[in-house]
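Presented below is the structure to which this report refers.
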Protein chains: 2
Amino acid sequence: MRPTVHDIAAAAGVSLATVDRVLNQRAGVRNVTREKVEQAIERIGFVRDVAAANLAKSRVYPFVFILPSGDNSFMRGLEAHVHAAMARGPLERMAISIVKVPAFNAEALVGALDEVRETAPAGVAVVAVESPDVIAAVNRLRAERIPVVTLVSDLAGSARDHFAGVDNVAAGRTAASLMGRFLCSRPGPIAVLAGSMRVRDHRERLDGFRAVMDKDFPGHMLLPAIEGQDDPVLTEKLVGAALAASPGTAGIYSLGAGNRGLITALKQRDSAPPVCVVAHELTRHTRAALNEGLIDAVLNQDAGHEVRSAIRVLKAKADGVAVIEAQERIYIDIFLKDNLPFDEGDEMQKPEQGEER
Amino acid sequence: MRPTVHDIAAAAGVSLATVDRVLNQRAGVRNVTREKVEQAIERIGFVRDVAAANLAKSRVYPFVFILPSGDNSFMRGLEAHVHAAMARGPLERMAISIVKVPAFNAEALVGALDEVRETAPAGVAVVAVESPDVIAAVNRLRAERIPVVTLVSDLAGSARDHFAGVDNVAAGRTAASLMGRFLCSRPGPIAVLAGSMRVRDHRERLDGFRAVMDKDFPGHMLLPAIEGQDDPVLTEKLVGAALAASPGTAGIYSLGAGNRGLITALKQRDSAPPVCVVAHELTRHTRAALNEGLIDAVLNQDAGHEVRSAIRVLKAKADGVAVIEAQERIYIDIFLKDNLPFDEGDEMQKPEQGEER
DNA sequence: ATTTTTCTGATTTACGTACCTCAAATTTTC
DNA sequence: GAAAATTTGAGGTACGTAAATCAGAAAAAT
């Protein structure tokens, strides 16, 4: 049987009340006594029964997710997963709430972070925007011992506890590696399609992609990035124009949110020589395109994993329990048409009105 | 606030004792009363607080993992992960134990399953061997409402609750797809290296591999499978011989446990024309070979994920709680040298004395 | 040495559920 | 309609921890 607080009291030769004072860092214990108790805890290997403690405290964990608003459908998918977690929240004594802020707006994010801090939550998950002010705001949360997890997009230089997301440089490198090998030394320039170059994860992907392309497949020229602003119509137009301008284009790396427009553009040139396409995020559109052979590979980050991982980490941090690092590492999933997961139960991956990302 | 048993009693107009009798399916309640209580539960949306219930019951979950013995290092890695879970077991009221049976011995497995059943565990995870007797033994467990999860290797036709493992046919298909594209229409036969063709997951991988090769890359002949019995020395000899016999070999698919011998054999022919190699399971040997360019891609199943997933599912089933299907799907990880996870905290992936699988 | 302050002990209640006992009420059986 | 059997109610204790009160002991300050 696991030792209990009573066992500590007995082992330390003090009363239950004193043990409680030490355990819950209440005032009114001399240092000598405190040390005696702490040694006893160490000696008998006591670990607090978190479930019982929560029951006694009738504790709920108020967790806050700060997400960008707007119609980025990857983010909307992420939000759907947070909602799913909210629904099962009560079962695990969690009260998850969502705060939305305008995308890529550091000032608004700082405001949200500070407001959230006032409510003294048990943990905060945030899709970070890079800025010194945001770093400072996150650090203010940490200064009040509120656990912070960055989601999807990390915040380098901050005191955040954890990052729940993929290594985007590695993702870009992998995309280049696949692309280069799939091209089979067929020459021709490579087009890059992004939403906007002002987003860190997109920049990182491009950096990784370019690094491997330059090093391992130097024969290919990288065309300047097309910025489709995640707009299907605009993207289709720009991609069509780019392909017309460089008819010899050998490959396209779609590292952002423009897949739907990209796919439409690709369909309109079926007689043209094939182009090797590597895209990000598995949605119903990219899935279909993979199956049709329009897209050769899709790199995916599992939003559901990211959300659940963030919650697990927040809870562990709130409880002062160690996290299983290996469990919380988010892998880049590589999908070819041959290892697509079955559809069932996949609603979350393909938001209803969602575009491709 | 969540409704409690007291709320049920009030809502149904009965006493706490009666609510308790209904909730815990004790005898001595008329059907009319039972229905009244059940309707009240439904109406106010009561869900049992599992943590409090477990506390009251001082419940521990005795889970049993039945693993094959022998020196298959993938299995030993799996066992290490089970041990890791055992260590954190008490924290979550779990008492995990391991039963080892001779590998691929259906009779021994049946004996183990029946013996385990006697101990009335809260759940059983088993690396299945395919046989009607094993199916029957698993069904006997299920008949006593003991949750059963198959691990790594599934048991088709049984009443097991869940399979914690990858889709090996899809893995084989993916390997073929990568291999075919990486070969860039370079001709030549393809060698297949297996441990033994009597294992279901190996067979499935080969089936998937062959299907895609025949369909999408019909130019390549598949050489008969080399069975290296997971022995490094034997494997090295056989692979060396095979490469010498077919000097034009374009690719090697290592679908089993022979990676260490394979790598040694590959190193001894550095002047020979390059061979495209796709292997299974990321270990320190395959990782190094990836980095050196000896292996082109590694497909991996994350043993840690599988173990933790199995435990989560067993616990959920034992509690009568729904599982999050999307969370429990084990993906095939594809590793190129560009997306290898960092080393830190990776001990479990590379068992100390472990060979390549 | 006395007062004040600080520390410690003993005890109680609570969290939500499980499980037990005993008596009372109700239904069934003859 | 009485006896027997079944069903229900009321109440308590327990699980391991938190949090509180209040009295008493020890230390510090005067």
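Just so we're on the same page: letters track the sequence lines, and every chain starts at 1.
Applying the side chain to side chain contact (heavy atoms under 4.5 Å, CB included) test to A/Arg59 and every residue at least two apart in sequence or in another chain returns A/Asn54, A/Lys57, A/Tyr61, A/Ala122, A/Ala318, A/Asp319. Under the ring-ring contact (aromatic ring centres under 6.0 Å, His included) criterion, B/Phe163 pairs with no residue, sequence neighbours left out. By the salt bridge (charged side-chain N to carboxylate O under 4.0 Å, His left out) test, B/Arg48 pairs with no residue at all, sequence neighbours left out. Every salt bridge (charged side-chain N to carboxylate O under 4.0 Å, His left out) that A/Glu79 has, sequence neighbours left out, goes to A/Arg76, A/Lys100. In this structure, B/Arg43 has no salt bridge (charged side-chain N to carboxylate O under 4.0 Å, His left out) partners at least two apart in sequence or on a different chain.
Sorted by first and then second residue, the pairs that involve residues 307-316 of chain A and meet salt bridge (Lys or Arg N to Asp or Glu O under 4.0 Å), not counting sequence neighbours, are A/Arg312-A/Glu328. Within the structure, every pair that satisfies the salt bridge (Lys or Arg N to Asp or Glu O under 4.0 Å) test and touches residues 109-128 of chain A, not counting sequence neighbours, is listed here: A/Asp114-A/Arg117, A/Asp114-A/Arg140, A/Arg117-A/Glu144. Residues in residues 80-97 of chain B take part in these salt bridge (Lys or Arg N to Asp or Glu O under 4.0 Å) pairs, two or more places apart or across chains: A/Asp49-B/Arg93.
A salt bridge between B/Asp7 and B/Arg2 is absent, with no side-chain N of the basic residue lying under 4.0 Å from a carboxylate O of the acidic one.
Rounded to an integer number of Å, the gap from NE2 of B/His6 to C1' of D/dG9 is 14 Å. Computed from coordinates, the A/Asp7 CG to D/dC15 C1' distance equals 14 Å when rounded to whole Å. When rounded to the nearest whole Å, the span between CD1 of A/Ile8 and C1' of D/dA18 equals 13 Å. One interatomic measurement links the two molecules: CD of B/Glu92 to P of D/dG16, which rounds to 17 Å at whole-angstrom precision. In this structure, A/Ile41 atom CD1 and D/dT17 atom C1' are separated by 13 Å, rounded to whole Å. Rounded to whole angstrom, the span from the CZ atom of B/Arg48 across to the C1' atom of D/dC15 amounts to 16 Å.
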Please tabulate, for side-chain N and O atoms in residues 10-23 of chain B, each donor-acceptor pair with protein atoms closer than 3.5 Å (sequence neighbours left out).
from	atom 1	to	atom 2	distance (Å)
B/Ser15	OG	B/Ala17	N	3.4
B/Ser15	OG	B/Thr18	N	3.4
B/Ser15	OG	B/Thr18	OG1	3.4
B/Asp20	OD1	B/Asn24	ND2	2.8
B/Asp20	OD1	B/Arg26	NH2	3.2
B/Asp20	OD2	B/Arg26	NE	3.3
B/Asp20	OD2	B/Arg26	NH2	2.7

Just do the side-chain contact (heavy atoms from CB on, under 4.5 Å) check on B/Asn139 and B/Ser158 with the steps written out, would you? CA-CA 6 Å; B/Asn139 291 351; B/Ser158 74; 4.0 Å; yes
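Within residues 49-57 of chain A, the residues approaching DNA chain C are A/Leu55, A/Ala56, by heavy-atom distance under 4.0 Å. Against DNA chain C, the stretch residues 11-30 of chain A makes heavy-atom approaches under 4.0 Å through A/Gly13, A/Val14, A/Ser15, A/Ala17, A/Thr18, A/Arg21, A/Gly28, A/Val29, A/Arg30.
For the strand DNA chain C, secondary-structure stems (runs of at least three Watson-Crick or G-U pairs, all distances below 3.5 Å) span C:4-6 with D:25-27, C:8-30 with D:1-23.
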